[in-house]
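One structure is given here, and the rest of the page talks about it.
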Amino acid sequence: MASTQAAAATEQAPTKNPTLLAWVAKMAAMTQPDRIVWCDGSEAEKARLTEQAVKDGTLIPLNPKTRPGCYLHRSNPNDVARVEHLTFICTPNKTDAGPTNNWMEPEAAYTKLSQLFEGCMKGRTMYVVPYAMGPLGGASTKIGVELTDSDYVVLNMRIMTRMGKAALDMLGDSDDFNRGLHSTGDVNPDRRYICHFPQDNTIWSFGSGYGGNVLLGKKCLALRIGSYLGREEGWLAEHMLILGVTSPKGETTYIAAAFPSACGKTNFAMMIPPKEYAGWKIETVGDDIAWMRPGPDGRLYAINPEAGYFGVVPGTNYKTNPNAMETISKDTLFTNVALTPDGDVWWEGKDGEVPEELIDWQGKPWKKGSTEKAAHPNSRFTAPMSNNPVLSGKANDPQGVPISAIIFGGRRSNTVPLVLQAFNWTHGVFLGATMGSETTAAATGKVGVVRRDPMAMLPFCGYHMGDYLQHWLDMQKSIPQLPKIFQVNWFRQDKNGKFIWPGFGENMRVLEWIVNRVQGRVPTQETLLGWVPRQDQGLNLKGLDLPEEAIQEATSIKEDEWKSELKSQEVFFEQLGTKAPEALMLQRKLLIARLDG
Ligand code: TSX
Ligand code: MN
């Protein structure tokens with residue numbers, strides 16, 4: 001049976017790539033699917049898979065008038081999020097994975113997971129999904145092939161990546177592709193593993209059907225394996241949005257920004273400037289991941305390796321993110337949101353009245369006033385980026401865009417001021433390394449605890465975090481025209497617990513200052529922490545109904561807060577042991593000296 005399937009895999013294959021054919025045959029011999037289907041990415045294939053997914057209950061069609069081309073998927077209730085405790089970096093030495101990753105020895109991991117994969121696709125179809133991360137033909141673009149027994153995965157990969165024949169054509173006969181193997185298995189959390197083998201450019205994912213665990217191009221390849229390859233090859237794989245800001249004069253500045261979860265990264269990437277900024281335009285290159293490498297002109301060029309958005313639904317509305325609302329109005333897959341009686345979807349924080357009755361994310365009847373959430377807090381949309389009204393024309397450019405500024409953000413109710421510019425690259429890396437964010441109820445149940453999340457990469461770095469920070473420091477030697485680095489915090493609160501800064505579109509005012517700084521147009525004020533906007537010639541606050549004291553408070557630097565902040569940062573650096581980069585330890589000492597001086 002197995003060998004017949006292996007032979008069949010080769011016969012029907014739309015490629016002669018010997019490495020690919022041998023690998024598919026080997027994986028088929030292990031998993032023993034009844035059928036092997038090579039995905040071509042065509043419309044006909046999409047229609048066929050969608051019809052089948054509707055038939056087997058994987059997808060529920062939504063109202064074609066209000067949500068054309070949209071479907072609802074309900075995952076297993078035990079399988080609704082990434083599973084960091086079941087995610088492993090499998091390097092020969094434990095120290096290479098570092099103290100912030102789970103580690104398994106590669107042979108032990110292959111053996112353990114082989115037992116789970118053995119025969120797991122009996123009676124099922126194995127889809128061979130070739131995909132490109134990045135615009136086709138680009139120098140930064142990488143090819144992956146995911147083998148999966150989930151039609152939901154295929155339909156999501158079709159949105160999130162450039163999937164099918166074009167990717168296979170780009171690969172040609174090369175053996176340089178990521179080998180991804182996924183089976184939903186029996187969705188048993190005790191038999192669930194997401195294993196990364198950076199040395200083999202391989203990912204094995206078993207026992208989950210949830211996005212981040214199974215759409216292997218995204219967190220697994222683009223960040224965990226990508227960061228490892230980036231260090232080997234001299235580039236950066238980052239958890240960053242990429243946006244372009246165009247001024248009324250037509251000058252476009254590209255900015256990459258890292259934020260931990262629950263800071264509104266997608267909102268920022270699609271932001272609409274306020275009315276005082278007529279003639280300004282924000283355009284999205286990417287909302288989650290940036291691959292950045294030095295270009296021939298000495299600038300740092302970024303591509304978005306993805307082709308779609310896999311965004312959190314709750315809280316999305318016409319006030320927080322009108323462009324996301326337009327993006328998910330058609331051809332979108334919804335996972336774990338609520339269903340309305342007329343076949344539309346609903347979630348907490350959607351515009352308009354709360355419906356009287358719904359079917360909740362688990363498929364159960366729900367009534368207005370219920371204490372249960374109707375949509376899961378981590379419910380998602382999968383939407384093609386081509387739906388985004390403000391998609392940048394450069395999103396498909398294989399060259400990428402030149403990055404002038406890098407922003408590190410976080411959710412901090414105190415301590416971190418609204419915006420500051422780093423003194424230099426090394427100081428900027430220190431700001432990224434010491435990023436922290438306060439937890440929200442959605443994430444942990446515990447509110448307001450600062451969690452360190454360097455560069456928002458803590459769950460996504462495929463090697464030792466200390467080596468990663470050193471790689472960031474080293475990169476300045478190969479980028480003659482370094483981007484300027486900034487730190488922002490939209491979430492400072494007053495003594496009554498009210499957000500001081502209005503955020504959302506008004507963040508344009510901070511962006512304008514950043515643009516003016518990188519273009520060398522405004523003077524600045526030096527502080528202990530970095531350069532901040534001056535009282536005069538600083539932030540444009542015209543039309544903002546904010547008292548002078550509020551601005552003072554949002555931008556203030558309180559030395560007692562910084563003394564406890566430094567203690568909290570030390571706990572994180574100690575974790576890195578001898579791999580904590582010396583240059584960052586010196587930055588820390590300089591800051592302490594400035595505070596004590
Ligand atoms: O996404 C957010 N951004 C970035 C937008 C471009 N959010 C939502 C975070 C959860 C995902 C924000 N929340 C932002 C923000 O800039 N700021 C805040 C805090 C805030 C919340 C509500 C108000 C103001 C600030 N409301 C009123 O002032 C009425
Ligand atoms: Mn993300």
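In this text the structure is predicted, and so the values were computed from the model without any measurement. Just follow the structure's listing: the first ligand is 1, and inside any ligand the first atom is 1.
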| query | Among F499, F491, F268, W490, which residue places a heavy atom closest to atom 21 (C) of ligand 1? | reply |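 Answer by nearest heavy atom: F499.
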| With respect to atom 22 (C) of ligand 1, which of W501, F259, F504 exhibits the smallest heavy-atom separation? | F504
| remark: To the Mn ion (ligand 2), the closest N, O or S atom belonging to D288 is OD1
| message | Centroid separation under 6.0 Å, is that true for the rings of W490 and F268? | response |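 Yes.
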Would you say [Y] and [X] are linked by a side-chain donor-acceptor pair, where the criterion is simply a distance under 3.5 Å?
X: N102; Y: H85; result: no
X: T141; Y: R162; result: no
X: R534; Y: Q525; result: no
X: N388; Y: N323; result: no

Quick test: of every protein heavy atom, which one is nearest to [atom], and how far off is it to 0.1 Å?
atom: atom 4 (C) of ligand 1; answer: N507 ND2, 3.6 Å
atom: atom 9 (C) of ligand 1; answer: R411 NH2, 3.8 Å
atom: atom 1 (O) of ligand 1; answer: N267 ND2, 2.8 Å
atom: atom 24 (C) of ligand 1; answer: P502 O, 3.6 Å

| said: One thing to verify: whether E561 and R412 come together as a salt bridge, which I'm taking to mean a side-chain N less than 4.0 angstrom from a carboxylate O. | reply: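 Looking at E561 together with R412, the answer is no, because their closest N to O distance does not fall below 4.0 Å.
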| query | Should E553 and R492 count as an ion pair when the cut-off is N to O under 4.0 Å? | reply | no
Quick one: does [atom] have a protein heavy atom under 4.0 Å from it?
atom: atom 16 (O) of ligand 1; answer: yes
atom: atom 7 (N) of ligand 1; answer: yes
atom: atom 27 (C) of ligand 1; answer: no

| Taking the six-membered ring of F259 as reference, does the NZ or CZ atom of K265 fall below 6.0 Å from its centre and within a 45° cone about the axis? | no
| task | Considering the heavy atoms of G503, write down every atom of ligand 1 situated less than 4.0 Å from one of them. | result | 16 (O)
| said: At less than 2.8 Å, would any N/O/S atom of K265, backbone or side chain, sit next to the Mn ion (ligand 2)? | reply: no
